There are 2 protein chains.
Amino acid sequence: MHKQWDIDSLTADIIKRIKERTLADKNGKLPSERKLMDYYNVSRYSLRQALSKLSKLGYIYQIQGRGSYIHEHRYQANLMTQSDLGFTEDLAREGKRIQTVGATQRIVSLSEIDFYPSNQQFSDDQLFIEVERFRTLEDKPYLVEHSYYLPEIVGEISEAAMYGSMFDYLSKEKGLTVGFIDKFIRCELLTESYAKFFQLATDMPSLTVRDDSYLREGELVAFSKIYYDYRNATLFMHKKLLD
Amino acid sequence: MHKQWDIDSLTADIIKRIKERTLADKNGKLPSERKLMDYYNVSRYSLRQALSKLSKLGYIYQIQGRGSYIHEHRYQANLMTQSDLGFTEDLAREGKRIQTVGATQRIVSLSEIDFYPSNQQFSDDQLFIEVERFRTLEDKPYLVEHSYYLPEIVGEISEAAMYGSMFDYLSKEKGLTVGFIDKFIRCELLTESYAKFFQLATDMPSLTVRDDSYLREGELVAFSKIYYDYRNATLFMHKKLLD
DNA sequence: GAGTGGTCTAGACCACTTA
DNA sequence: AAGTGGTCTAGACCACTCC
């Protein structure tokens, strides 16, 4: 039988085989692209799309004229990759349990917001739904999410949604599809209440990810800032040179 | 006449035209991919490679069935993008002047190093060339680079190279080509001497980028940690959903 | 239905490595 | 010379948007 592969399932299958160690030889060398094309019965384009993803995730590296090799990188706790970085980290994190242990919402005016999106002008009477969520990973403090939603787009936000995935909520209940997100990664000092959540002293730092979330149509729907415990949060990237 | 376009020059030309505002209509809508293919006389593949880069850089977004649009994002000082993140920020930064204002090097043993690469085992008698470089951007403190080079690969490092681009030095003087870099972005506390350079108090934070630099052949050649002034450093990323 | 971006195939040629 | 990854072309079909 011939399974049909799309790029995502192809990528997933290769990752699975890399982890099982059933694809590479004992030196960590993978079969050539031509052999993999035949094996999976996909075109060069599709195969290389998948290999490119594997490369960005740090699983392999490729050398022109020589071949593709597994790139071991030691397991690190709470390592986020660029592709992991979801709407507000609502994505499944390899079976780990993320819980919201506290959440508040209120309506605020322009003068009350703590930060702004990158390229938006608001009128003076613009209102926002301010949401603060305190979340744990495996029952340990993991992040604080401080968001502003635009009420004329999202309407009201139910209490139930506050404790679940905002991304799914907007998609399923409101029919809103987020198309892309601009991210600004910085290091900032914690306020007292956030520091307390992480059991840190006030003025200790935090790795922050500012998100500007846009609908597919290009409209800003929310902007937020996520604070991570600086002791735990690491963002991983892989850079290939000569591009 | 027909200029031949490769993907890099194609990408650069579209960026140029976006900035000049000579490509999009008044609503920020770009010509369709088919029109751009004809205009530049390239294949769909090449054009979409270029558009994909523009998308990751935050210049445009694309909507299936509708078209491609310019995505304005406000200019921010010292915004790094993932593709900017070079060997040690040696890349040209839009004409801004980066200078090394202090540099030291010494040979150290395994027990003396402050941090380790992600997936490497060293023998107990492994030696390293430790390099510390203090660098300014437009004469203001910008970053401190703390690196360990593997002497059996790079040999000695000349004093001249310490004040220039290590990347160019390895490439031109040593014939070593860095193929890829793993990056680990974190937030850490500054030591006294680094804090002093940034004119900050000790224990103030810093955005750090840990690099593991590998030769094209997959051998580790150096590992380093770059400390940025947390008040100035912002890393930009663009995430497209439904991938 | 026409036009748009998203995906995928088949094939070609090039640059580089290895033998 | 053979094999590898890197680049590029031409063309097809699909999913979605707009009229």
Side-chain angles (χ1 to χ4, degrees), chain A residues 2-11 14 24-25 27-56 59-71 175-177 179-180 215-219 240-243, chain B residues 2-11 14 24-25 27-56 59-71 175-177 179-180 215-219 240-243:
Chain A
H2 291 275
K3 185 182 191 309
Q4 297 295 321
W5 298 96
D6 63 20
I7 290 175
D8 286 343
S9 55
L10 181 59
T11 306
I14 299 179
D25 69 15
N27 299 319
K29 182 174 184 180
L30 297 173
S32 72
E33 294 186 350
R34 270 81 170 177
K35 289 201 183 84
L36 288 172
M37 287 166 61
D38 291 344
Y39 178 79
Y40 284 108
N41 195 32
V42 293
S43 69
R44 183 105 187 269
Y45 171 84
S46 299
L47 180 71
R48 278 179 66 76
Q49 293 266 70
L51 293 183
S52 169
K53 288 192 177 188
L54 293 188
S55 185
K56 285 180 186 116
Y59 284 105
I60 65 164
Y61 58 93
Q62 297 187 284
I63 307 174
Q64 183 172 113
R66 192 179 302 183
S68 305
Y69 298 83
I70 292 182
H71 176 44
L176 298 170
T177 307
F180 55 94
L215 296 181
R216 295 180 57 235
E217 295 75 18
E219 273 182 301
K240 200 171 173 177
L241 299 184
L242 310 170
D243 274 357
Chain B
H2 292 275
K3 185 183 190 312
Q4 297 295 320
W5 299 95
D6 63 21
I7 290 177
D8 285 343
S9 55
L10 180 59
T11 307
I14 299 178
D25 68 16
N27 299 318
K29 182 174 183 178
L30 298 173
S32 72
E33 295 185 350
R34 268 81 170 178
K35 290 201 182 83
L36 288 172
M37 285 166 60
D38 291 345
Y39 178 79
Y40 283 110
N41 194 32
V42 294
S43 68
R44 184 102 186 272
Y45 171 86
S46 298
L47 180 70
R48 279 179 64 79
Q49 293 266 72
L51 293 184
S52 168
K53 287 192 177 188
L54 293 188
S55 185
K56 287 182 185 114
Y59 284 105
I60 65 165
Y61 58 94
Q62 297 186 286
I63 306 175
Q64 181 171 113
R66 194 181 298 184
S68 305
Y69 298 84
I70 291 180
H71 176 45
L176 298 171
T177 307
F180 56 94
L215 296 181
R216 294 179 56 235
E217 294 77 16
E219 273 183 300
K240 199 171 176 180
L241 298 185
L242 310 172
D243 272 357

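Worth saying up front: this structure is predicted, and the values here are computed from it rather than measured. First the proteins, then the strands, lettered A, B, ... as listed; each starts at 1.
When the nearest nucleotides of DNA chain C are assigned to G65(A) and Y45(A) by heavy-atom distance, the more 5′-ward of the two goes with Y45(A).
The aromatic rings of Y40(A) and W5(A) stand perpendicular to each other, their planes meeting at an angle above 60°, with 30° marking the opposite boundary.
Taking the side chain of S46(A) as heavy atoms from C-beta on, and the options dC8(C), dG5(D), dC8(D), the nearest nucleotide is dC8(C). Comparing dG6(C), dT4(D), dT9(C) by their nearest atom to the side chain of Q62(B) picks out dG6(C). Closest approach to the R34(A) side chain among dG5(C), dG6(D), dT9(C) is made by dG6(D) (side chain taken as heavy atoms from C-beta onward). Residue Q64(B) places its side chain closer to dA15(D) than to any other of dA12(C), dC8(C), dA15(D). With dG5(D), dC8(D), dT4(D) as the choices, the nucleotide that has an atom nearest any side-chain atom of S43(B) turns out to be dC8(D). In the set dC8(C), dC8(D), dG5(D), the nucleotide with an atom closest to the side chain of I7(B) is dC8(D). Closest contact between the side chain of R216(B) and the listed nucleotides dT17(D), dT17(C), dT4(C) involves dT17(C).
We find that CD of E217(B) is positioned 18 Å from P of dT4(D), with the value rounded to whole Å. Separating the CD atom of E33(A) from the C1' atom of dA15(C) is a distance of 14 Å, rounded to the nearest angstrom. Atoms CG (N41(B)) and C1' (dC8(D)) sit 12 Å apart, rounded to a whole Å. Atoms CG (D38(A)) and P (dG3(D)) sit 13 Å apart, rounded to a whole Å. Taking atom OH of residue Y69(A) and atom P of nucleotide dT4(D), one finds them 11 Å apart after rounding to whole Å. Distance CD (Q49(A)) to P (dG6(C)): 12 Å, rounded to an integer number of Å. One can place CG of L47(B) at 11 Å from P of dG6(C), the figure rounded to the nearest angstrom. In this structure, the CG atom of L36(A) is 14 Å from the C1' atom of dG3(D), given to the nearest Å.
In terms of phosphate contacts, R66(B) brings a side-chain nitrogen or oxygen within less than 4.0 Å of OP1 or OP2 of dC18(D). At the phosphate of dT4(D), neither OP1 nor OP2 sits under 4.0 Å from any side-chain N or O atom of S68(A). Residue K29(B) has no polar side-chain atom (N or O) positioned under 4.0 Å from OP1 or OP2 of dT4(C). At least one side-chain nitrogen or oxygen of K35(A) sits closer than 4.0 Å to the OP1 or OP2 atom of dT4(D).
Residue contacts for I63(A): at a heavy-atom cut-off of 4.0 Å it reaches the sugar-phosphate backbone alone, with no base atom in range.
Smallest separation of non-hydrogen atoms from R44(B) and E33(B): NE-OE1, 2.7 Å. The two atoms that bring S68(B) and Q62(B) nearest to each other are OG-NE2, 3.0 Å, heavy atoms only. Of all the heavy atoms in I70(B) and A24(B), the pair that sits closest is CD1-CB, 3.5 Å.
Using modelled atom types and a 3.5 Å distance limit, the side chains of T11(A) and D8(A) yield no donor-acceptor pair.
Residues E217(B) and R66(A) form a side-chain contact, since some pair of their non-hydrogen atoms from C-beta on lies under 4.5 Å apart.
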